Amino acid sequence: MPAPAGRTATPDGDGTRTDTHCPYCALQCGMTLTPAADVAPREFPANRGGLCQKGWTSASLLDSPARLTTPLVRTGGELRPASWDTALDVIAARLTELQAAHGNDAVAVFGGGGLTNEKAYLLGKFARVALGTSQIDYNGRFCMSSAAAAGLRAFGVDRGLPFPMTDLAGADVIVLVGSNPAETMPPFLQHLQGAAAAGGLVVIDPRRTPTAEQANVHLAPAPGTDLALALGVLHATVAEGLLDEAYVAERTAGFDAMWRTVARYWPEHVERITGVSAADQRALSRRLAGARSAFVLTARGAEQHATGVDTVSAWINLALAHGLPGRAGSGYGCLTGQGNGQGGREHGQKADQLPGYRKLDDPAAREHVAGVWGIAPESLPAPGRSAFELLDALGQPEGPKAMLVFGSNVVVSAPRSQRVAERLAALDFLVTADLVLSETAAMADVVLPVTQWAEEDGTMTNLEGRVLLRRKAIDPPDGVRSDLDVLAGLAERFGQPAGRFPVDAEEIFTELRAASAGGVADYSGVTYDRLRAGEALHWPVPAVDHPGTPRLFLEAFAHADGRARFVAVDHTGPAEPPDAEFPLQATTGRLLQHYQSGAQTRAVPELAEAAAEACIEVHPDTAARAGLGVGDVATVESRRGAVTGRVRCVASMRPDVVFVPFHFPGGQRANLITNPALDPTSRMPEFKVCAARLVPADAEPSATQPEAVTQQKPVTQQKPVTQQASVELQKSVTQQASGTQQASGTQQKSVEQRETGGAS
Ligand code: SF4
């Protein structure tokens, strides 16, 4: 991955570089940064000197014209520049007023899987101690929570990869389920080369993705049927005498109960459900049984279903049947997505959780954490609503009246996003802390401009549970503060004692270590000094002289009896199967150039130019049946809404599937159509499949209108802004702040743009 034109790698050893990590995905590639913000890849086990386009261009956002540098407070219907004191005073006054009228749970907090460990920790503490609210959750609920729940019930501990990712290089078989690292984290492909060279790289995905193109074997089950596929392969394993019986007897429990379900899923039956041939199922079973070293890895494609936890459990069952987890050189793992998807789910921003992966409803956990925080255990709130349920409750009679959003753009990233926008508009008060005027920030009453990765210290925990130090490399722009400063400033206004909410990242991490001590994710032995010295510390690290735990489960699993659990799971299929009215299945995912909702990467010119708009990927025959050709503008409709994009014909697509990327705003929001049916355990929505139909964008509305069309409600400042509108607003705000232009005219222009700012 060479440096793009105009951006050069910084030579080593000049004494001015800062070693850090990429701000985006969970691979957390090592990179260096100069004071002039030149990025260079750094030799690090995760990326081995490689970066993807997103990493190479990540510094562009540091001085982007879209960057917010002034707090904004909505007055007279418009966002206007304000001082920090004014903005924080307004927030404190409104939240206090709403809590006095409606109780503590009238205020909600929404976090993100990209926040550092320190921010995630302080956010959870702020919600429970300063606000006293139970209403906190985060966008990781949309990302990794199904694998987390499945890992917990199988192994007793959830850590994405319970082994260093460098172990993958020695494997002769790797099965990737619902993962497309060639686009989401390209440097990770280096770890798959050994298996590919041995002819054992297997990709399971309804689409022939760039990753599937590189695989030795690509199996393409119908969307929502990968659970059944795992059952079929497991059935073949047992039927052909390939079960690792010694491992099952010595290291597992629950096989018999699990088999009673699997016995009904012989490969020919599964072929009819999934479309994957019985021969291919048996071949995969034999491939796993014959491997010297094998891994099964799942990702969002397996997880983002209303049966996501069971789907991941089915693949874990298969790995257990072949004796992989807890065996050196083999295993099961989940490929985490967001930058701090792992650490973000460990330290307290989840609705049911306290730091150290402790449970909020566990009396011993409450006592321990309350002791660290200097409060009474009984003052800690009970567990609150999960992410989508929280968003859906906003502004309802029993729901929160105000919300603070840190590091998340829910208007684009949450399922059924038109409904989410309506719920946000129904709030009495919305606050966001963000780098740019994201689609969610554009709806807020107060917007706080905050620092980003290179401008602050903080730790991240990558997909293998390794704690990393991301160091400050450059000063932030004038006017910008860190999220930690914001929380401290608000805590003070809520009457919290001085020092209870520190602003120094290392000081907060020291407190986090104490809060996590003795927990599942025990960070007590991790120190900034050890990280500065370059130690590779995978949690748990229970003492400062402990070397960390790169490989979990080698001796025993984390259940009391030391055994892993087979879990009996059954195939039920998608929550919304296709029918005569909506005959296709829509699935969503990422493009190489963009990250999550695109709020950051759409502001990077190289990335925005390379992928400027949403595409709609379909088989050529599917496009032709809808009267569409390559480059035509088309609409994918579901019962919840419609998303628009430009047709891209892909001959390898299943004819019953349509793919839409989820990085774009306005009418190109893939989540206008997604189904918010929730997994009963993880509460993860079913992003990966819903019933849909494809029509030309200018087609007459058909008899059954999508819900978002028939039930559209007015939304205050409703239309999401384009990135250009964000730049214009920031320009106008800067001009107002510097007194170079009258506010009203310029600001009015930006608002007009916002109101016409659909991206289609
Ligand atoms: S986005 Fe992910 S894969 Fe790309 S450079 Fe950043 S951390 Fe590495």
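Counting starts at 1 for both ligands and their atoms, following the listed order. The structure presented is a predicted model; accordingly, all values stated were derived computationally and were not measured.
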| query | Does NZ or CZ of Arg207 fall inside the cone over Phe659's six-membered ring, less than 6.0 Å from its centre and within 45° of the axis? | reply | yes
| For Ala299, what residues pass the side-chain contact (heavy atoms from CB on, under 4.5 Å) criterion, not counting sequence neighbours? | Ser179, Leu335
| Under 3.5 Å, side chain of His21 to main-chain N/O of Gln28, donor-acceptor pair present? | yes
| Atoms named by residue and atom, protein N, O or S, within reach of atom 2 (Fe) of ligand 1 (under 2.8 Å) | Cys25 SG
| request: Assign the ring pair Tyr528 / Phe509 to parallel, tilted or perpendicular, where the plane angle (0 to 90°) is split at 30° and 60°. | output: tilted
| Any side-chain donor paired with an acceptor under 3.5 Å for Asp205 and Thr211? | no
| For the residue pair Phe163 and Phe295, is the inter-centroid distance of their aromatic rings smaller than 6.0 Å? | yes
